[in-house]
Amino acid sequence: MDETYARMDELARVQRYPFPVGTHGRQIRNDLQGPEYMRRQRTRAQRLGVRILDRTPALELLVDADGVVSRARALARATGEIVRIEAGAVVLAAGGCAFQSKTLGCDVNTGDGALLAAEAGARMSGMEFSNAYAIAPKGTASDEEGPAELLPGLRPAGRRPVH
């Protein structure tokens, strides 16, 4: 959680992500809008010299003798050619898994990235942040004002949900 808090703070301060502002004038840092977040991350990566291969899905991550992923086999959709990509570092940014969840925009997240990583021998970490649904301790939820009940009808008087 400390890492998540630090990254959200960095996103607000350094990358100037436009978090919404609540009624008390404070930023509400409990959600990201996918397209805006991805646009900013893409720009940041390109400024750092990262080469981004659009429409080139990975088929397999390849490890060297030390077990380090340094190559990938991928499909260049523009040509239909299978390509081998050599890299000093590999960033797996394939989204989570919510296949057939009926969640708008998430129902096509098949978990392919996690599968590629597992097949290459990755140890998974932070998977609690990889799904399409919020995770909260039983009996809790929150809105911009702080803790709130799960059902809008049970909210304290004057409290409204944030959509």
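Note that these values count all heavy atoms, side chains included, but never hydrogens, waters or copies made by symmetry. Just so it is clear, the structure is predicted and the values come from calculations on it, not from any experiment. Each residue takes its place number in the sequence, starting with 1.
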* State, with a plain yes or no, whether a side-chain heavy atom of Gln33 is found less than 4.5 Å away from one of Tyr17. =>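 A side-chain contact under 4.5 Å exists here.
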* For Ala72 and Leu61, work out which heavy atoms get closest and say how close. =>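 Closest heavy-atom pair between Ala72 and Leu61: CB-CD2, 4.2 Å.
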* **Where Ala114 and Met124 come nearest, the two heavy atoms and their spacing** =>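 Taking Ala114 first and Met124 second, the nearest heavy atoms are O-CE, 3.2 Å.
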* **Interatomic distance, Leu75 atom CG to Arg55 atom CZ [nearest 0.5 angstrom]** => 12.5 Å
* **Heavy-atom donor-acceptor pair, Asp64 side chain to Asp66 backbone, under 3.5 Å** => yes
* Under the side chain to side chain donor-acceptor pair (under 3.5 Å) test, which residues partner Arg13, sequence neighbours left out? -> Asp9
* Asked: What salt bridge (Lys or Arg N to Asp or Glu O under 4.0 Å) pairs are there with at least one residue in residues 34-45, not counting sequence neighbours?
  ->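 Salt bridge (Lys or Arg N to Asp or Glu O under 4.0 Å) check on residues 34-45 returns Glu10-Arg44, Glu36-Arg39, Glu36-Arg40, Arg42-Asp54.
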* Pairs touching residues 71-81 that satisfy salt bridge (Lys or Arg N to Asp or Glu O under 4.0 Å), sequence neighbours left out -> Glu60-Arg73
Side-chain polar contacts of residues 84-95 - donor-acceptor pairs under 3.5 angstrom, sequence neighbours left out - could you list them?
| unit_1 | atom_1 | unit_2 | atom_2 | d |
| --- | --- | --- | --- | --- |
| Arg84 | NE | Glu86 | OE2 | 3.4 |

Any link between [X] and [Y] through a network of hydrophobic side chains (Ile, Leu, Val, Met, Phe, Trp, Tyr) touching at under 4.5 Å?
| X | Y | value |
| --- | --- | --- |
| Tyr37 | Met8 | yes |
| Leu62 | Val69 | no |
| Met38 | Leu11 | yes |

* **All side-chain contact (heavy atoms from CB on, under 4.5 Å) counterparts of Ala12, not counting sequence neighbours** =>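 With neighbours one apart ignored, the set is Phe19, Gln27, Arg29.
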* Asked: Quick one: side-chain contact (heavy atoms from CB on, under 4.5 Å) partners of Ala76, sequence neighbours excluded?
  ->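 side-chain contact (heavy atoms from CB on, under 4.5 Å) check on Ala76 returns Thr79, Val83.
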